Amino acid sequence: KLTRIHNSRHVKVVRDGTPMRVPNSDVEVGDVVLLENGDVVPADGLFLQGHWLEIDESVMTGDPEAVHKSVREPFVLSGCQVVKGVGTMLVTAVGSYSEWGI
């Protein structure tokens with residue numbers, strides 16, 4: 001049931017220059033994902049640009065403080081939640097190749 005809920009989320013991506021919404025399970029390496037407050041990061045990736053993007057990484061690191069993403073702190077991990085701001089990320093790993101491995 002949890003897998004079905006996870007896969008039912010839709011994500012805003014830019015693929016081949018075209019903005020679209022795709023199921024979480026259809027995110028591909030090379031997609032640019034648009035992130036905003038409340039989103040769960042669908043894949044591992046690199047921060048591209050944004051405005052005050054902060055992500056709660058406690059599910060991965062145990063650290064209760066949200067992490068501000070920037071070119072100095074560019075790594076974004078799947079399963080973490082956006083708690084502030086907006087931004088874009090380039091997907092670098094999905095599924096079993098992600099840090100979560102799912």
Side-chain angles (χ1 to χ4, degrees):
K1 183 175 179 179
L2 288 177
T3 300
R4 197 169 51 242
I5 291 170
H6 173 76
N7 291 339
S8 69
R9 290 188 200 135
H10 280 73
V11 180
K12 297 174 206 163
V13 303
V14 176
R15 185 177 292 163
D16 298 323
T18 304
M20 60 183 72
R21 290 178 57 85
V22 299
N24 197 43
S25 58
D26 289 349
V27 172
E28 300 175 355
V29 171
D31 283 346
V32 174
V33 176
L34 309 173
L35 298 170
E36 56 189 25
N37 191 17
D39 287 348
V40 175
V41 179
D44 292 354
L46 293 172
F47 171 85
L48 293 175
Q49 64 181 3
H51 183 72
W52 294 105
L53 184 64
E54 292 187 12
I55 298 181
D56 176 358
E57 297 180 344
S58 62
V59 295
M60 292 295 289
T61 66
D63 186 352
E65 297 294 320
V67 178
H68 177 77
K69 294 300 169 179
S70 68
V71 293
R72 294 178 192 234
E73 184 71 37
F75 300 105
V76 182
L77 301 173
S78 66
C80 298
Q81 182 151 8
V82 178
V83 294
K84 185 177 180 183
V86 295
T88 57
M89 64 171 269
L90 175 65
V91 175
T92 59
V94 297
S96 63
Y97 297 101
S98 70
E99 192 71 28
W100 265 103
I102 55 172

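These numbers were taken from a predicted model, which means no experiment stands behind them.
Using a distance-only test at 3.5 Å, with no hydrogens or angles considered, a donor-acceptor pair links the side chain of Gln81 to the main chain of Gly38. Remark: side-chain polar atoms of Asp16 are not paired, donor with acceptor, to backbone N or O of Thr18 under 3.5 angstrom.
For the side chain to side chain contact (heavy atoms under 4.5 Å, CB included) test with Leu90, the passing option among Val29, Val76, Leu48 is Leu48; the others fail.
The distance from the CE atom of Met60 to the CD1 atom of Ile55 is 12.0 Å, given to the nearest 0.5 Å. The distance from atom CD of Glu73 to atom CG of Leu53, rounded to the nearest 0.5 Å, is 11.0 Å.
For the residue pair Asp56 and Ser58, a side-chain donor N or O sits within less than 3.5 Å of a side-chain acceptor on the partner.
Taking all atoms of both residues into account, the shortest heavy-atom contact from Asn37 to Lys84 is OD1-N, 3.7 Å. Of all heavy-atom pairs spanning Asp44 and Ser78, the tightest one is OD1-N, 2.9 Å. Taking every heavy atom of both residues into account, Cys80 and Glu57 meet most closely at SG-CA, 3.6 Å. Residues Glu54 and Ala66 share a closest heavy-atom pair of OE1-CB, 3.9 Å. Nearest approach of Phe75 to Lys69, heavy atoms of both residues: O-NZ, 2.5 Å.
No more than 12 heavy atoms of other residues, nucleotides or ligands sit less than 6.0 Å from atom CD of Gln49. Within 6.0 Å of atom CZ in Arg21, more than 12 heavy atoms from other residues, nucleotides or ligands are found, so the atom counts as buried in its surroundings.
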Discussion item. Run Leu77 and Val41 through side-chain contact (heavy atoms from CB on, under 4.5 Å) and show every step you take.
Written reply: CA-CA 7 Å; Leu77 301 173; Val41 179; over 6 Å; no

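Under the 4.5 Å side-chain heavy-atom criterion for ILVMFWY residues, no single connected hydrophobic cluster contains both Phe47 and Val67. Both Val33 and Met20 belong to a single network of hydrophobic side chains, linked directly or stepwise wherever heavy atoms of I, L, V, M, F, W or Y lie under 4.5 Å apart.
For the pair Val22/Val27, a side-chain contact is recorded, criterion being any heavy-atom separation below 4.5 Å from C-beta on.
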